[in-house]
Visitor: 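My questions will all concern the structure given below.
Values below: all heavy atoms of this structure, side chains included; hydrogens, waters and symmetry mates excluded.
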Amino acid sequence: MGKSIKKLAILAIAASVFLLFGGSRETEAARKKFVLEQTSAVAPDVKAYIGGTYAKEWSGLTFDATITNGENEIALSQTAVTKFEESGEGIHYIVLLDNSGSVDKKQLNHVRKELGTLEKELGEQDKLTVYTVGTKKKNGTKTKVNRISAIRSGAKYTVLYRSINEILAEEASVPMRTVLLLITDGEDDSEGKDNSIENTVRNVKNAAIPVYGILLKNTLSNQNKKKMKATENEILADWRGDYEKCNSLGQVSDAFQYIKKVIQKETYIVTFRAADNRKFDGISNIKISTVENALEGMIDYSKNTQDQEPPYIAGEITKTGESAIRFSLCDNSGIVKGADEKGNYIIKSTKEGQKTPDEEAKTWAVKSVHYNAGTNEVEITFENPLLTGKYHISFQNITDGSQEANALTEQRNFSFEGLDPSEETMKELAKNYWWILVILAVIIIGVIVIIVMKRRRPVIIREGTTAEEVVSPDTKRIKLVITDRAGQVKEVEWNVEGSIFIGRSEMCNIFFDDDRLSRQHFAIEVTKVACYIEDLETTNGTFVNGVRLNTRMIGYEINETFNGNDGNGSSDCICYFG
């Protein structure tokens, strides 16, 4: 029993030592619920590579995203989530390998084998670039490796920080997913400009690509522990990558397997799309968030897909009221600018078959415009009801929301069943020119009053005439003997009841062609009492027995002669009253 307890205690101690000093473990970055490893963008599309603890078992959460550049901001909507290993995309591995004399040689040999295995595992879309950072001088630079098997150890100095900063500057904008893998004991000897710990940490934080690490053993007795701790605790631990420490030879293989698993199998591609293809100059900030997480990073949002498609009218233009129409304005960017401004719509009357209206065509005043960006519907209300007829609509200052701001140039003819045009024209005339009608009415009434007043003459009553006979009309038969200027004589008999008009106009009761006569020249009125003749204010006048008629005259004789001038060269009209 005692021996068993001792064995268990030994195993527990061994396990504790293993966990404390070596073995695969989740680092600070891996323990984060989500990690925004990398982004790429060609506006309006954005791609984010997200890993972390939650990403191992994706729960289907939806992310919101925003890109900011100074005071400018663009909102993104999530469109899809794909496991990276199922996406068919490739990875560009950039390896900085410390081959200086401070690195454990057995571990370095094992690293060469693992890099060889990684090289063989690469797919058609993958790429591997290896640099050694061991140099002869502190101000030296990295060396590109053409054959992994040719890597040798024993370099005197390590230029790790300089090499990190060079790679991050070269990979400021990447066409594919790219990761930087540091395989080092953490020590750095580089000298020169911008190779301080602070500059390197800042560059890693703001880099376009993540930095991963496999930390090997340092075999020197006089280790630069300050630099080594900076590599582990500042450069690798707190940002978008992950790392593993290898305190024994066997842990090198485990470290490679762990890093490859995180990069290849535990990363998801989340795609987003903006409403338009606007882009920003330089590097912008991106924030991706869920209910529990807010991920922030840098993004190159300076490229975009060209948009050459302007907004367009979708469907038909329909009537929604006596003074309203509705139609849809759409664009492939999803945004139409200026659609809610009433001054941007021009509606004119046009004619059947005309593509565009005449310059004199009526423009219909727009009262209000309502644009629903969700449904793309535009409803226009006019100041006045529309008439039945053809119309033409054109636009100004309406564009899409793209970087190119494509303008809406489409025009459209449409029909409208509304009010009767002729009735509305009369109403419009009455509305606009009522004062003229009033003036005309006053003039007409005045003329009528004058005529009536002129006709109100004293009546001469014969002896024995009754009052009824004075006011009652009677019918008398008259005979007109007409002699024209050629000497032709014509006789016309007419029953006169009340009054008749004689003149040149066909509207008169008796008319004949004589250009010296007025259209309505004189009138004959009969009553039981007498027969009257009256000039109708003519130019040439009316003569009775050679005397010009100035007032209404009563005729008693059996026959009297009336003519339209002084008796020279005009027609004569002799009336015989029966």
Visitor: Output yes when D276 and R278 qualify as a salt bridge under the 4.0 Å nitrogen-oxygen rule, no when they do not.
Guide: yes
Visitor: Provide the closest heavy-atom pair for D331 versus P311 in the form atom of the first, atom of the second, distance.
Guide: OD1-N, 3.2 Å
Visitor: So for atom CD, which belongs to E170, do other residues, nucleotides or ligands contribute more than 12 heavy atoms lying within a distance under 6.0 Å?
Guide: yes
Visitor: Is a side-chain donor-acceptor pair under 3.5 Å present for D300 with S173?
Guide: yes
Visitor: Is the backbone N or O of K217 less than 3.5 Å from a side-chain atom of T219, with the two atoms forming a donor-acceptor pair by type?
Guide: no
Visitor: Begin from the C-alpha positions of I286 and V46 and carry the test side chain to side chain contact (heavy atoms under 4.5 Å, CB included) through to its verdict.
Guide: CA-CA 10 Å; I286 183 169; V46 173; 4.1 Å; yes
Visitor: Any side-chain heavy-atom pair from Y93 and I263 closer than 4.5 angstrom?
Guide: yes
Visitor: In Å, rounded to the nearest 0.5 Å, how long is the span from CG of L36 to CD of Q38?
Guide: 9.0 Å
Visitor: Hey, could you give me the OG/NZ distance between S368 and K342, rounded to the nearest 0.5 Å?
Guide: 7.5 Å
Visitor: Would you say N406's side chain and D400's backbone share a donor-acceptor pair under 3.5 angstrom?
Guide: no
Visitor: Check whether more than 12 heavy atoms from other residues, nucleotides or ligands sit under 6.0 Å from atom NZ of K287, and answer yes or no.
Guide: no
Visitor: Between A274 and L76, which heavy-atom pair has the shortest distance, and what is it?
Guide: CB-CD2, 3.6 Å
Visitor: Determine, for K142 against E166, whether the closest basic-nitrogen to carboxylate-oxygen distance falls under 4.0 angstrom.
Guide: yes
Visitor: Going from OG1 on T305 to CG on N277, what distance comes out if it is rounded to the nearest 0.5 angstrom?
Guide: 7.0 Å
Visitor: Could you check whether any side-chain N or O of R177 sits under 3.5 Å from a backbone N or O of E89, counting only pairs where one atom can act as donor and the other as acceptor?
Guide: no
Visitor: May I ask you to decide if A405's main-chain N or O and T399's side chain share a donor-acceptor pair within less than 3.5 Å?
Guide: no
Visitor: On a heavy-atom basis, which atom in S153 and which in L108 lie closest, and how many Å separate them?
Guide: CB-CD2, 3.1 Å
Visitor: Please enumerate all residues that pass ring pair (Phe, Tyr, Trp, His ring centres under 6.0 Å) together with Y131, with sequence neighbours excluded.
Guide: none
Visitor: To the closest 0.5 Å, what do you measure between CD1 (I74) and CG (N69)?
Guide: 9.0 Å
Visitor: Dump the intermediate steps for side-chain hydrogen bond (donor to acceptor under 3.5 Å, both in side chains) on Q354 and N413, then the final yes or no.
Guide: CA-CA 9 Å; Q354 280 188 317; N413 284 355; over 6 Å; no
Visitor: Between E341 and N397, do the side chains contain an N or O donor and an N or O acceptor separated by less than 3.5 Å?
Guide: no
Visitor: Run the side-chain hydrogen bond (donor to acceptor under 3.5 Å, both in side chains) test on K367 and S323 for me, step by step, so that the C-alpha distance in whole Å, both residues' side-chain angles and the decisive distance to 0.1 Å come before the verdict.
Guide: CA-CA 9 Å; K367 181 179 181 180; S323 57; over 6 Å; no
Visitor: Is the closest side-chain heavy-atom distance between V211 and L236 below 4.5 Å?
Guide: yes
Visitor: So, D189 side chain and T158 main chain: donor-acceptor pair closer than 3.5 Å or not?
Guide: yes
Visitor: Please check this pair: side chain of E187 against backbone of S102, looking for a donor-acceptor N/O pair closer than 3.5 Å.
Guide: no
Visitor: Is the backbone N or O of S248 less than 3.5 Å from a side-chain atom of Q107, with the two atoms forming a donor-acceptor pair by type?
Guide: yes
Visitor: Are L216 and D104 packed together at the side-chain level, in the sense that at least one heavy-atom pair is separated by less than 4.5 angstrom?
Guide: no
Visitor: Answer with yes or no after comparing the ring centroid distance for F327 and F414 against a 6.0 Å cut-off, counting only values under it.
Guide: no
Visitor: Are any non-hydrogen side-chain atoms of V159 and T141 less than 4.5 angstrom apart?
Guide: no
Visitor: Should we say atom CG of D281 is surrounded by more than 12 heavy atoms from elsewhere, each under 6.0 Å from it?
Guide: no
Visitor: What's the spacing between I214 CD1 and L181 CG if we round to 0.5 Å?
Guide: 5.0 Å
Visitor: Do the side chains of F416 and I317 get nearer than 4.5 Å, heavy atoms only?
Guide: no
Visitor: Only one of V133, T132, N99 forms a side chain to side chain contact (heavy atoms under 4.5 Å, CB included) with T143, so which one is it?
Guide: T132
Visitor: Report, as yes or no, whether the 6.0 Å neighbourhood of atom CD on Q396 holds more than 12 heavy atoms from other residues, nucleotides or ligands.
Guide: yes
Visitor: Do L115 and L97 come within less than 4.5 Å of each other through their side chains, counting heavy atoms only?
Guide: yes
Visitor: Report yes or no: does N304 contribute a side-chain atom to a donor-acceptor pair with the main-chain N or O of K279 at less than 3.5 Å?
Guide: no
Visitor: Checking K348 against T350 for the side chain to side chain contact (heavy atoms under 4.5 Å, CB included) test, could you report, in this order, the C-alpha distance in whole Å, the side-chain angles of both residues, the deciding distance, and whether it holds?
Guide: CA-CA 6 Å; K348 290 189 173 185; T350 188; over 6 Å; no
Visitor: Show your working on side chain to side chain contact (heavy atoms under 4.5 Å, CB included) between D188 and T200 and close with a plain yes or no.
Guide: CA-CA 12 Å; D188 177 79; T200 306; over 6 Å; no
Visitor: Drop me the distance from K144's NZ to I94's CD1, to the nearest 0.5 angstrom.
Guide: 10.0 Å
Visitor: Evaluate Y161 against N199 for side-chain hydrogen bond (donor to acceptor under 3.5 Å, both in side chains), listing each step before the verdict.
Guide: CA-CA 9 Å; Y161 292 174; N199 286 333; over 6 Å; no
Visitor: Applying side chain to side chain contact (heavy atoms under 4.5 Å, CB included) to Y301 and T39, what does each step give before you reach the verdict?
Guide: CA-CA 10 Å; Y301 205 65; T39 59; over 6 Å; no
Visitor: Are there more than 12 heavy atoms of other residues, nucleotides or ligands under 6.0 Å from atom NZ of K319?
Guide: yes
Visitor: Do E404 and Q306 come within less than 4.5 Å of each other through their side chains, counting heavy atoms only?
Guide: yes
Visitor: Can a donor-acceptor pair be found between the side chains of T320 and E379 at a distance below 3.5 Å?
Guide: yes
Visitor: Using a 4.5 Å cut-off on heavy atoms from C-beta on, say whether the side chain of V174 contacts that of H92.
Guide: no
Visitor: Are E37 and R240 within salt-bridge range, i.e. N to O under 4.0 Å?
Guide: no
Visitor: For F395 and Y345, I'd like to know if the aromatic rings sit close, meaning centre-to-centre distance below 6.0 Å.
Guide: yes
